[in-house]
Amino acid sequence: KGNTETTLSVINFVWDDVKPAIFTTKPTEAEGNNGRLNSLPTISGTCDDGSSGKIATSGGIELNIVDKDGGPATWNGQQWVSGEDLNLWLATSTFKGYGGTSITSGTWDYTFPISSWTTGRQYQIRGRAKDASTPANYTVALSTRIFTYDTDKPISEVKEPPGTSPLYLTDLGTISGTVSSDAAEVRIKIRRDDNLTYRNVTDGFADSDADLYSSSFWNLVTLTGSNGWQYDSDVKSKLTNGRRYEILTKSRDTALNDENITSPLKNPTTFYYDITKPTQSIVVPKALEAAVSQINGELMDIVPAGGSWASGVVKAEIRLRDTVQGSATYWDRASGSWKEDTTRVLYFSTCTLSSNATFYWFTDIPNWVSGRNYEVNAKTRDRAGNDAIEYSTRTFKVDTSLPESTVRKPSTNDLYFKSLPTVSGTANDSVTNVTRVDYYVRDLTNNPPIPNCTYWNPVTRLWAQNNTTYWI
């Protein structure tokens, strides 16, 4: 009869054919779905091997990191090496297991040198887990994140209203502009020269903000197209005539980079709102002139009530019409001749302005015909584009003919008088009325040579012998 072993040899083991699962939490699922990041010092996530599995405590989580735009290149733990090596796996920096001695799940992270990311490049991170089985089970569904590393700050610009600051506007129109193509949002601040900022179309300019660059009182705008924006609020209905305004924008991109507006300070778009019409007057010529060598006048662009500024006159023009040659005969400065213009819109000539734009003059004038009536029109425009409501107009006559006068009493036929209470005569002018006649009386008794003649002084009522002619 044979002997039977009384002590059995028993080995206990767990059969595990479940593949562990892995999930990357940073970059997040949204960031890793072709998103953008401006910082990634740590790659992290979780893993799980079910209720009966066990994550390997050493090298249980591995990552494969590829720079898809850098050649491509693959991270070897110290540096980028040329080529896309999908089999170059790196163990994570730390792993914290859960589930007691079984360690069925855990969290992990991998510290990445921030300086090794390059802005503007796309990266792919794949993660896998392995369990403690022999041989190890590896993750089948890799955790994959694809993102673009972006530390470039976005830039936003104002394009409407157009032009270089400061602007002078009669109508604000649309406020719009451009922004970097990866922008997530654009905000706008509009501030008046009394530091009140625009809130909305109902409240208008209601919030006081001494610092244009502060974090308060910004309004969101609407993004348009791939790199445009537009502010839809009806700001122009809340503008005050004669005030200065500043428009400042700032943006944020999808990588959460904020536009730099403080270092250095971003220049705002500055504009003056001006709907006040300028005015002008004609000083020279007067209605009747002996000679006209210059046409000049005064200019005015007043600060409106409730305002702080006037944009100022930038242009004054005059037009000359010969009223005799035809109904629409105007002086053409360019050709130096008179020309017909039945449209009555041509032949305005630009004048010279004084340094403070309050006076104008024009010297390139025609040869006047004595006794002829001429008409001059003057108009002006301010820096905002406001034209004077109406022309200033003056009709004038240039009289270059000399008047004539004769003495009738005493006459050459009556040379001896014992009484002469009145001296009289005639005077006339071929163009206009004579307004004044002067005469003098000289004593010819001694008849000394000029200038030592003797004249009657009507003030002292005495005869005076000197070099002065006393006109009466």
**Student:** Is a side-chain donor or acceptor of T74 paired with a backbone partner of V66 at a separation under 3.5 angstrom?
**Tutor:**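 Not confirmed, T74 side chain does not pair with V66 backbone.
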**Student:** When the ring centroid of W331 is compared with that of Y347, is the distance short of 6.0 Å?
**Tutor:**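 No - the distance between ring centres of W331 and Y347 does not fall below the 6.0 Å cut-off.
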**Student:** Can you run down the side chain to side chain donor-acceptor pair (under 3.5 Å) pairs that involve residues 160-176, sequence neighbours left out, and say none if there aren't any?
**Tutor:**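 Every pair satisfying side chain to side chain donor-acceptor pair (under 3.5 Å) with a residue in residues 160-176: there are none.
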**Student:** Indicate whether the side chain of R243 and that of S308 have a donor and an acceptor atom separated by less than 3.5 Å.
**Tutor:**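 Result is yes, a qualifying pair exists.
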**Student:** Heavy atoms, side chains only, cut-off 4.5 Å: are K26 and L37 in contact?
**Tutor:**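 Of all side-chain heavy-atom pairs linking L37 with K26, at least one is under 4.5 Å.
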**Student:** Between K250 and V186, does a side-chain contact (heavy atoms from CB on, under 4.5 Å) hold up when you go through it step by step?
**Tutor:** CA-CA 6 Å; K250 66 177 182 178; V186 175; over 6 Å; no
**Student:** Donor-acceptor pair, distance only, cut-off 3.5 Å: does the side chain of W229 make one with the backbone of E157?
**Tutor:**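 Checking the backbone N and O of E157 against the side chain of W229, a donor-acceptor pair under 3.5 Å is found.
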**Student:** Quick one, Q294 with N296, criterion side-chain hydrogen bond (donor to acceptor under 3.5 Å, both in side chains). Give me CA distance, side-chain angles, the key distance, then yes/no.
**Tutor:** CA-CA 6 Å; Q294 180 184 108; N296 62 50; 2.8 Å; yes
**Student:** Which donor-acceptor pairs under 3.5 Å do the side chains of residues 313-320 make with protein atoms, sequence neighbours left out?
**Tutor:**
from: R319; atom 1: NE; to: N377; atom 2: OD1; distance (Å): 3.2
from: R319; atom 1: NH1; to: R344; atom 2: O; distance (Å): 2.6
from: R319; atom 1: NH2; to: N377; atom 2: OD1; distance (Å): 3.1

**Student:** Under 3.5 Å, is there a donor on one side chain and an acceptor on the other for N356 and T358?
**Tutor:**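 N356 vs T358: donor-acceptor pair found between side chains.
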**Student:** Just to verify, which of N386, D387, D301 counts as forming a side chain to side chain donor-acceptor pair (under 3.5 Å) with R381?
**Tutor:**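 Going through N386, D387, D301 one by one, the side chain to side chain donor-acceptor pair (under 3.5 Å) with R381 is satisfied by D387 alone.
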**Student:** Could you give me the CA-CA distance, side-chain angles and deciding distance for I295 and V284, then say whether side-chain contact (heavy atoms from CB on, under 4.5 Å) is met?
**Tutor:** CA-CA 5 Å; I295 295 172; V284 174; 6.0 Å; no
**Student:** Applying side chain to side chain contact (heavy atoms under 4.5 Å, CB included) between Y98 and each of T46, D48, T104, T107, report the one that passes.
**Tutor:**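 With Y98 as partner, T46, D48, T104, T107 yield a single side chain to side chain contact (heavy atoms under 4.5 Å, CB included), made by T107.
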**Student:** What pairs of residues pass the salt bridge (charged side-chain N to carboxylate O under 4.0 Å, His left out) test when at least one of them lies in residues 260-277, not counting sequence neighbours?
**Tutor:**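 Listed once each, the pairs are E259-K266.
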**Student:** Let's go through T393 and V376 carefully: what are the C-alpha distance in whole Å and the side-chain angles of both, what is the deciding distance for side-chain contact (heavy atoms from CB on, under 4.5 Å) to 0.1 Å, and is it a yes or a no?
**Tutor:** CA-CA 6 Å; T393 300; V376 58; over 6 Å; no
**Student:** For R126 versus Q124, what's the shortest heavy-atom pair and its separation?
**Tutor:**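 The answer is CD-NE2, 3.7 Å.
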**Student:** I'd like to know if the side chain of T148 pairs up with that of D150 as donor and acceptor (distance under 3.5 Å, no hydrogens or angles considered).
**Tutor:**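 Per modelled atom types, T148 and D150 side chains form no pair under 3.5 Å.
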**Student:** Sorted by first residue and then second, give each salt bridge (charged side-chain N to carboxylate O under 4.0 Å, His left out) pair with at least one member in residues 71-84; sequence neighbours left out.
**Tutor:**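 For residues 71-84: K68-E84.
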**Student:** Less than 6.0 angstrom from the centroid, inside 45 degrees of the normal: does R321 satisfy that with respect to the ring of Y391?
**Tutor:**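 Because its charged atom misses either the 6.0 Å distance or the 45° angle limit, R321 does not stack over Y391.
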**Student:** Taking only residues at least two apart or on different chains, which pairs with a member in residues 172-221 satisfy ring pair (Phe, Tyr, Trp, His ring centres under 6.0 Å)?
**Tutor:**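 Of all non-adjacent pairs touching residues 172-221, those that pass ring pair (Phe, Tyr, Trp, His ring centres under 6.0 Å) are Y198-F205, F205-Y245.
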**Student:** Check this for me: Q325, atom CD, are more than 12 non-hydrogen atoms of other residues, nucleotides or ligands nearer than 6.0 Å?
**Tutor:**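 Yes, CD of Q325 has more than 12 neighbouring heavy atoms, counting only those of other groups under 6.0 Å.
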**Student:** Tell me every residue that passes side chain to side chain contact (heavy atoms under 4.5 Å, CB included) with S335, counting only those two or more places apart in sequence or in another chain.
**Tutor:**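 Partners of S335 under the side chain to side chain contact (heavy atoms under 4.5 Å, CB included) test: D332, S337, K339.
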**Student:** Taking the side chain from R187 and the backbone from S251, do they hold a donor-acceptor pair closer than 3.5 Å?
**Tutor:**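 Between the backbone of S251 and the side chain of R187 there is no qualifying donor-acceptor contact (under 3.5 Å).
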**Student:** Looking at T350, is its backbone amide N or carbonyl O close enough to the side chain of R333 to form a donor-acceptor pair, meaning the two atoms are under 3.5 Å apart?
**Tutor:**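 It does hold such a pair.
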**Student:** Of the non-hydrogen atoms in A129 and C47, which two are nearest, and what is the gap between them?
**Tutor:**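 Minimum heavy-atom separation between A129 and C47: CB-CB, 4.4 Å.
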**Student:** Where do N241 and T276 land on the side-chain hydrogen bond (donor to acceptor under 3.5 Å, both in side chains) test, with the steps shown first?
**Tutor:** CA-CA 8 Å; N241 186 23; T276 300; 2.8 Å; yes
**Student:** Looking only at side chains, do S392 and Q280 share a donor and an acceptor under 3.5 Å apart?
**Tutor:**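 Side-chain D/A pair, S392 to Q280: present.
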**Student:** What distance do D211 atom CG and T197 atom OG1 have between them, rounded to the nearest 0.5 Å?
**Tutor:**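 With rounding to 0.5 Å, CG (D211) is 11.5 Å from OG1 (T197).
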**Student:** Among all residues two or more places apart in sequence or in another chain, which pass the ring-ring contact (aromatic ring centres under 6.0 Å, His included) test with W75?
**Tutor:**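 Only W80, F112 meet the ring-ring contact (aromatic ring centres under 6.0 Å, His included) criterion with W75.
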**Student:** Would T343 and D341 count as a side-chain hydrogen bond (donor to acceptor under 3.5 Å, both in side chains) here? Give the steps.
**Tutor:** CA-CA 5 Å; T343 66; D341 174 28; 2.4 Å; yes
**Student:** Regarding D131 and K54, does a basic nitrogen lie under 4.0 Å from an acidic carboxylate oxygen?
**Tutor:**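 No, D131 and K54 are not salt-bridged.
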**Student:** The criterion is side-chain hydrogen bond (donor to acceptor under 3.5 Å, both in side chains); which residues satisfy it with D253, sequence neighbours excluded?
**Tutor:**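 side-chain hydrogen bond (donor to acceptor under 3.5 Å, both in side chains) check on D253 returns N257.
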**Student:** Just so I know, are the side chains of F271 and L239 near enough to count as touching, which here means a heavy-atom distance under 4.5 Å?
**Tutor:**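 Touching, per the 4.5 Å side-chain cut-off.
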**Student:** List for me each residue that meets ring-ring contact (aromatic ring centres under 6.0 Å, His included) alongside Y374, sequence neighbours excluded, and say none if there are none.
**Tutor:**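 Applying ring-ring contact (aromatic ring centres under 6.0 Å, His included) to Y374 gives W338, W368, F396.
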**Student:** Any salt bridge (charged side-chain N to carboxylate O under 4.0 Å, His left out) involving residues 135-144? Give me the pairs, sequence neighbours left out, ordered by first then second residue.
**Tutor:**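 Sorted result for residues 135-144: empty, none.
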**Student:** For F95, check ring-ring contact (aromatic ring centres under 6.0 Å, His included) against everything at least two apart and list the hits.
**Tutor:**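 Counting only residues at least two positions away or on another chain, F95 forms no ring-ring contact (aromatic ring centres under 6.0 Å, His included).
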**Student:** With a 6.0 Å cut-off (strictly less than), is the heavy-atom count around CG of L40, excluding the residue itself, greater than 12?
**Tutor:**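 Atom CG in L40 is crowded, with more than 12 foreign heavy atoms closer than 6.0 Å.
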**Student:** Are there over 12 heavy-atom neighbours, none belonging to K286, within less than 6.0 Å of that residue's NZ?
**Tutor:**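 Above 12, so yes.
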**Student:** Check the side chains of N373 and T395 for a donor-acceptor pair under 3.5 angstrom, ignoring hydrogens and angles.
**Tutor:**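 No, no side-chain donor-acceptor pair sits under 3.5 Å.
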**Student:** Under the 3.5 angstrom rule, does the side chain of R191 hit a backbone N or O of A210 as a donor-acceptor pair?
**Tutor:**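 The answer is yes, because a donor-acceptor pair under 3.5 Å joins these two groups.
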**Student:** Quick check: does any side chain N or O of S143 sit under 3.5 Å from a backbone N or O of T24, one acting as donor and the other as acceptor?
**Tutor:**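 Looks like yes, one N/O pair under 3.5 Å.
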**Student:** Is any NZ, NE, NH1 or NH2 atom of the basic residue among D322 and R372 found under 4.0 Å from an Asp or Glu carboxylate oxygen of the other?
**Tutor:**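 Salt bridge between D322 and R372, a charged N being under 4.0 Å from a carboxylate O: yes.
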**Student:** If you draw a 6.0 Å radius around CD in E29, do more than 12 non-hydrogen atoms from other residues or ligands fall strictly inside?
**Tutor:**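 Open.
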**Student:** Using modelled atom types and a 3.5 Å cut-off, is there a donor and acceptor pairing between side-chain atoms of T139 and backbone atoms of P20?
**Tutor:**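 Yes; judged by distance alone, with no hydrogens or angles, the pair exists.
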**Student:** Can you list every salt bridge (charged side-chain N to carboxylate O under 4.0 Å, His left out) pair that touches residues 101-122, not counting sequence neighbours?
**Tutor:**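 Non-adjacent pairs meeting salt bridge (charged side-chain N to carboxylate O under 4.0 Å, His left out): D67-R121.
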**Student:** Apply side-chain hydrogen bond (donor to acceptor under 3.5 Å, both in side chains) to the pair S214 and K189, showing each step before the final yes or no.
**Tutor:** CA-CA 10 Å; S214 73; K189 183 186 288 189; 3.1 Å; yes
